[in-house]
2 protein chains.
Amino acid sequence: MAKIKVATHGSKKDAILKKAASLFRKKGFASSSMRELAESIGVEAPSLYNHIGSKSELLQDICFKVANDFTLQLREVESSAAGNTGKIEQLIRFHVRMMLQSFDEVYVSNHEWKHLKEPHLSNFLAQRKLYEGKLVQLIREGITEKELKNLHPHVAALTILSAVRGLEFWQRHKKDISTDVLENNMVQHLLNGLTI
Amino acid sequence: MAKIKVATHGSKKDAILKKAASLFRKKGFASSSMRELAESIGVEAPSLYNHIGSKSELLQDICFKVANDFTLQLREVESSAAGNTGKIEQLIRFHVRMMLQSFDEVYVSNHEWKHLKEPHLSNFLAQRKLYEGKLVQLIREGITEKELKNLHPHVAALTILSAVRGLEFWQRHKKDISTDVLENNMVQHLLNGLTI
DNA sequence: ACGCAAAACTAACGGATATTAGTTTTTTAT
DNA sequence: ATAAAAAACTAATATCCGTTAGTTTTGCGT
């Protein structure tokens, strides 16, 4: 009866993916049913299968879209003229923007990846590990070149990645503060510390 | 046939809770079945109900045990003689230790609380909000008293809490580094920053 | 206006789930 | 040793899930 509403320049699958990201974020992948997803779109569950292959495929598409965005940005940062500290700063700012602009998708990618099926699960984890490794290397070089304190590079990388990830809790206060100020605060805290 | 193995000074329910925390962490609450849990203990699923009320109850017990531990520690820190910065440092160190010593439970509390049923869900969130609020207040006072940089207190609190939370990814490297060094690294990074 | 493809629908299947009921075995207390 | 209580078992129920099959409706190109 009802038809799937498509945004301009978006396929029906894209419309489904958007709703799926929202549902998966709110209820978790395993607790979200195709019937619920269909209802949120205004259609019966089997109708979805005219546009998608399976429930798993939705999760894959969401997770890898996010992972690819970050991988792409990392490449861009790496080829920039900035120093190590500057590159790290660029990455922090990108994470902040992504979290605010694609909240549902980033959240799902961060929280629900463990429900990916093989071989996608392994691919995803490998991509994450690669990303993390590159950041560790940036920090390591920063330490070598006396830009950064001599902290354990893995711990520092984890601290940075986790801190930006924590912006998922920021959604409620979104209107209190602009994206710029938020970026600046995170960069200031993570690079220069909290104490005076 | 088989009996539930109980640790010294622990009830059978405690033994179940320990296994449940491990299972829920690995597979997520919604994707963990009572049959799986029973199997990991070496018993049939219905036998569990001689010791517990429901699957939900397991999650509640895990989440509130962790929440209470943190709330209790917060009270202790508040009544200490340390300054604001010192109190924040104590909290960071406690988070690190909790994450390493009660990994499964803290992880489940952090990731699976959304599957709590009312009124427990509301209680849990209220308790978290209270905890977060107290930390924000510590930071606010630190800023007023010129101990801390003038950052947005909410953002700083979120950064700290998220960073320690991120130690869940540290499990793989656990043996690389001692708890003390890890604590020191986190405190140093979050309070004094990464740059020299 | 008409035909065809896209996309909606209804009905249904096989399987998994938490939990209950009822029964048997095991442990504990006297 | 024996009775009572605790805790295991088997069987079963009702519900929900992802997905398929088959059918009807919709909408676009001619």
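Reminder, nothing fancy here: chain letters follow the sequence lines and each chain counts from 1.
In this structure, A:Leu58 places its CG atom 12 Å from C1' of D:dG18, rounding to the nearest Å. Distance CZ (A:Arg35) to P (C:dA12): 14 Å, rounded to an integer number of Å.
Between B:Asn184 and B:Arg93, the closest side-chain pair of non-hydrogen atoms falls below 4.5 Å.
Contacts of B:Ser32 with the nucleic acid, taken as non-hydrogen atoms under 4.0 Å apart, involve only primed sugar atoms and P, OP1 or OP2. Using a 4.0 Å heavy-atom cutoff across all strands shown, B:Ser31 reaches no nucleic acid atom at all.
In terms of polar N and O atoms assigned as donor or acceptor, the side chain of B:Asn50 never comes within less than 3.5 Å of the base of D:dA6 in a complementary pairing.
A salt bridge does not link B:Glu39 to B:Arg35: none of the charged side-chain nitrogens sits closer than 4.0 Å to a carboxylate oxygen.
The backbone N or O of A:Val155 lies less than 3.5 Å from no partner atom in the side chain of B:Asn185, so there is not a single donor-acceptor pair.
Annotation: cation-pi pair B:Lys114/B:Phe124 absent, no NZ/CZ under 6.0 Å from the ring centroid and within 45° of its normal.
At C:dC9, one or more side-chain N or O atoms of A:Ser47 fall inside 4.0 Å of OP1 or OP2 (strictly under the cut-off). Considering only side-chain N and O atoms, A:His51 lies nowhere under 4.0 angstrom from the phosphate OP1 or OP2 of C:dA6. Here A:Lys12 reaches the OP1 or OP2 of C:dA7: one of its side-chain N or O atoms lies under 4.0 Å away.
Taking the side chain of B:Met34 as heavy atoms from C-beta on, and the options C:dT19, C:dA8, D:dT19, the nearest nucleotide is C:dT19. Here the side chain of B:Lys55 is nearest to one of D:dG18, C:dC9, C:dA18, namely C:dA18. The side chain of B:Pro46 sits closest to D:dC9 out of D:dC9, C:dT10, C:dA8.
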